[in-house]
Structures are given as structure tokens and as C-alpha cells.
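The structure under discussion appears below in the form of C-alpha cells.
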Amino acid sequence: DTVPFFIHEHLNFPDLFRPFSDLIRQAQQAMDISRLMGDFATGNNNDTRLVCREMRRNSTGCLKMKNQCEKCQEILSVDCSASNPAQAQLRQELKTALQMAEKFTKQYDELLKSYQQKMFNTSSLLSQLNQQFSWVSQLANHTQNDKQAYLQVFSVTSKTTDLDNSSKLGDTEVVVKLFDSDPMTMMVPKEVSWRRPKFMEIVAKKALDEFRKNNQE
Amino acid sequence: EETISANELQEMSTQGSKYIDEEIQNALKGMKEIKNLMGQTDEERQTLLSTLEKAKKQKEDAVKVTRDTEMKLKASPEVCNDTMTALWEECKPCLKQTCVKFYTRICRSGSPAVGHQLEEFLNQTSPFYIWIDGDRVDTLLENNQEQTHMLDDMEDRFSQVSRAMDKLFQSRLFSFEPPKPFFPFPFSSFRDNSFHKPRFLYPKSRVVR
């Protein structure tokens, strides 16, 4: 279980968290799915892509279309067993072996796709990890030393003019800093007194939300 | 209208820090959950990998038999040459037309010289190659190579991820012992002292209760 960090003298917040973002990024880069998707298209598209590639390279892919021409199909039906029975036998063996090999290749392909799915799952977990945690690492990047407070309140004032729509007259304006980040101004509705614990919860939540928004990668 | 003292500002900072600390802990808990999920995914991956290895062996054995038989066939003297050559001459124009149509319609990007290249290829091809399904064997071998490359690539990626994740999860954060009795947090509290009270200060019976 985790415990509050500030009661861990031996855990230095900046040192501890700074590398995290980089590590997660490294892992995400390794799982650059877009490139893999290009390499590993599925189903018929794969066949089409292969034929096109073969045709560009050496025209071999063209022979895949032999089934569409009657005379080409007839070549396959030529029976030479009378002139060379051993060769006919060998040809039959090749047909059988080819069928088996194609079948196993297809099965292997399916397994590879499942394996690829595992990659997608891992990649999505890494995205979650990044979403859930990168802000902590970014906070650590804004930290010069581990002795300072996570959040510092600089001023608390009541709003006396009504210049914008985001807040009302009498609302409380609080200027805070999260570690060494730039000061942020938060507004708290006047109904919540600064003496209530709820007040700082609202301020801290707003400050954190703004920090996350500003530091979204 | 009230003036807020420096002490009170500091106390507010403490309260705010407490909230941030909770959020950091929540993030860490989330990380631990993701770590567990990654562990599960990795176990499943390992199982799949061993299935893949068996399937690979089976496939490669079959490919080898195919290649060997093809070699034997190629080494044997060609038969029915006349019949095959006659059929091949009639097959070529149709094949060329079908291929060019396919290439123009489907492959789109590519060399405009494909028609000429194709004609040359067909003229060089032996009908015997078609008779023994040589094109299917070539495709099989090519797929075989591609699959090997694909698996190697995925394995490489997984090992990079694994290295990064090992470093990440080897952090002291995921292995430290419960805290020692001390309290270095620099702020005092005038509202909620219990929050700052270190655990060791509670009498044992109360902790149990």
C-alpha cells in the first residue's frame, strides 16, 4: 500500500518521479502500433497488398490470377503421368505438402494476430498509465527540492469587482502554486467560507485540474 | 474584509497539500492496478508465445517438405512440354490483360512500366513452373519470411517495453516498507491535528479497534 509521501524522509519526490514519464514514453514508443498496423494488415487486404508488391517487384504476383484464365487453368490439369509416373507422383506429393504448409501458415498467421492483439492491449495499458500518472512526473519536474509543500497559497482575497462572467462579486480569489509551477488563480464561490476544510479541497482540485490541462502531453 | 495571517495561509497550504498528496496516492494505486494488469497480459503473452513456437515448428517442417519436394520435381526432366507450351502461349495474353487491369484498378501507385515488365516476365516463365504450382511455393516462402520478421519485431518491442517497465516498477515506490515513525512535514495544523499525528503516536489498542 502507498502512504503519504511527505512522511517518507527517504523518498525524494523529484528524484523518484522525474524518470517515470520518460520510461512510460519509451515504452509507448516501442509499441508504436501505427507502424505495425501498416506492416500487418489483415484478411484480403493482406493478399491484395502482397500481390501488388510482388507485381511491382517481379510480376510473380500476376501468376496468382491464373485461375481467371481458362487456358492457364488447363496447364494445371495436364496429366503427364503416362510419360513419367514418378514425376506425377512427386507432383501429387508437392500438392499435398503445399496444402499442409499453407494450412499451417494460415494457422500461424491467426496466432500471430492474437499475439499482436496482446501488443494492442499492452499499448492501451501504457496509454492508461501515461494518462493516470504523467502529471505526477510533470509535477516532479517542477520541483527543485523535496522539502517544499506540494501546494502553496499566496493570497486569499474577496472579489470586489465584477469584470468577468466566470465568477461573481464576493467570490474568493486564491493565488496558489503547485510546487515550482507558475502561480495560478482559482475562484471559489462565496458560499464556501475559507475557514471550511472544503474550501482548500476545491482550490487544490481546481489547481490540479488546471495543471493537468496545461501539461497534457 | 478579513485579513488572513501568514500562519493561516500556511495552514491552507497544508490542507491543499494533503489533497494533492491523496491524488498522488490515487495515481500510484492506479499504477499498481495497471502493473497487475500488465503482469496478467504478459503471462497470457508468454503462454501464447509457447503456442506460437510449436505452431512455428509445425509450419516450418511443412514448408521444408514442400521445398524439398519442389526441388526434386524441378530436378526431374520436364514432361508434356509441347502440350504445356501450347496452352501457355494461349494463357499469356489473358493473364497479361487480367494482371494489368488488376494492377491499374487495385494497386494504383506504381510503375507505369508494369505492362512491359509483365510481358518480359511472362515470356521468361516456364509453363512447368505453373504446372508445379511454383508461384504458390514462392508465396508460401515469402509469407514464411514475413511472419518470422513480424514475430521478431513484436518480440523486440515487447522486450523494450519490458525493460522500461522493469525500471519503472523497480522504483522504491513499489517496494518500500511502511513508514518509520517520524514526521518531517514542515507545516503546523490548527484545524485538524489528527491528520498530522504520526501513526506510532496512537496507542496500540486504538489502532486495533
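The chains referred to below are lettered A, B, ... by the order of the sequence lines, with proteins before strands, and numbering in each begins at 1.
- Chosen from A:Lys177, A:Glu74, A:Glu70, the residue pairing most often with chain B at heavy-atom distances under 4.5 Å is A:Glu74.
- For A:Phe154, the part sitting under 4.5 Å from any heavy atom of chain B is the backbone (N, CA, C, O) and nothing else.
- The parts of B:Met38 that come within reach of chain A are both its backbone and its side chain, each placing non-hydrogen atoms under 4.5 angstrom from that chain.
- The contact between B:Phe158 and chain A is made by backbone and side chain atoms together, counting heavy-atom distances below 4.5 Å.
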Legend entry - Full working for side chain to side chain contact (heavy atoms under 4.5 Å, CB included) between A:Leu126 and B:Ile34: CA-CA 8 Å; A:Leu126 285 170; B:Ile34 293 173; over 6 Å; no

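- Residues B:Thr98 and A:Gln68 have side chains that never bring a donor and an acceptor to within less than 3.5 angstrom of each other.
- Within a 6.0 Å sphere centred on CD of B:Gln97, heavy atoms belonging to other residues, nucleotides or ligands number 12 at most.
- One distance of note links CD1 of A:Ile75 with OH of B:Tyr129; it measures 13.0 Å at 0.5 Å rounding.
- Residue A:Tyr115 is tested with B:Met154, B:Glu44, B:Met150 for a side-chain contact (heavy atoms from CB on, under 4.5 Å); the sole match is B:Met154.
- Separation of atoms CG (A:Asn121) and CZ (B:Arg45) is listed at 12.0 Å; rounding is to 0.5 Å.
- For the pair B:Asn144/A:Thr105, no side-chain contact is recorded, criterion being any heavy-atom separation below 4.5 Å from C-beta on.
- At least one side-chain heavy atom of A:Trp135 sits under 4.5 Å from a side-chain heavy atom of B:Glu23.
- If you check the gamma sulfurs of B:Cys99 and A:Cys62, they are less than 2.5 Å from each other.
- Across B:Met165, B:Glu90, B:Glu89, the residue that shares the most heavy-atom pairs under 4.5 angstrom with chain A is B:Glu90.
- Remark: A:Gln73 CD to B:Cys94 SG distance equals 9.5 Å, nearest 0.5 Å.
- Using modelled atom types, no side-chain atom of A:Gln107 and backbone atom of B:Ala55 make a donor-acceptor pair closer than 3.5 Å.
- Of the two parts of B:Leu73, the backbone and the side chain both hold a non-hydrogen atom closer than 4.5 Å to a non-hydrogen atom of chain A.
- Using a 4.5 Å cut-off between heavy atoms, B:Thr139 contacts chain A through both its backbone and its side chain.
- Of the two parts of A:Val203, neither the backbone nor the side chain holds a non-hydrogen atom closer than 4.5 Å to a non-hydrogen atom of chain B.
- Residues A:Tyr108 and B:Gln58 fail the side-chain proximity criterion, which asks for heavy atoms closer than 4.5 Å.
- The main-chain N or O of B:Leu140 is never found under 3.5 Å from a side-chain atom of A:Glu102 such that the two would form a donor-acceptor pair.
- When each of B:Asp135, B:Leu49, B:Thr51 is scored by its heavy-atom pairs under 4.5 Å with chain A, the top score falls to B:Asp135.
- Within a 6.0 Å sphere centred on NZ of A:Lys205, other residues, nucleotides and ligands contribute 12 heavy atoms or fewer.
- The part of B:Glu142 that comes within reach of chain A is its side chain, from C-beta onward, which places non-hydrogen atoms under 4.5 angstrom from that chain.
- The neighbour count for B:Lys167 NZ, taken as heavy atoms of other residues, nucleotides or ligands under 6.0 Å away, does not exceed 12.
- B:Phe121 places a side-chain heavy atom less than 4.5 Å from the side chain of A:Leu63.
- Taking CG from B:Leu168 and CZ from A:Phe133, the interatomic distance works out to 7.5 Å, rounded to the nearest 0.5 Å.
- How far CG of B:Leu87 is from SG of A:Cys69: 12.5 Å, rounded to the nearest 0.5 Å.
- In this structure, B:Asn143 CG and A:Asp109 CG are separated by 7.0 Å, a value rounded to the nearest 0.5 Å.
- Considering only heavy-atom pairs separated by less than 4.5 Å from chain A, the leading option among B:Asp133, B:Val65, B:Val63 is B:Asp133.
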Inset, instruction - Any chance you could lay out the side chain to side chain donor-acceptor pair (under 3.5 Å) test for B:Thr69 and A:Glu93, step after step, and finish with the verdict? - result: CA-CA 7 Å; B:Thr69 318; A:Glu93 279 174 27; 5.2 Å; no

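- Around atom CD of B:Gln145, no more than 12 heavy atoms belonging to other residues, nucleotides or ligands sit under 6.0 Å away.
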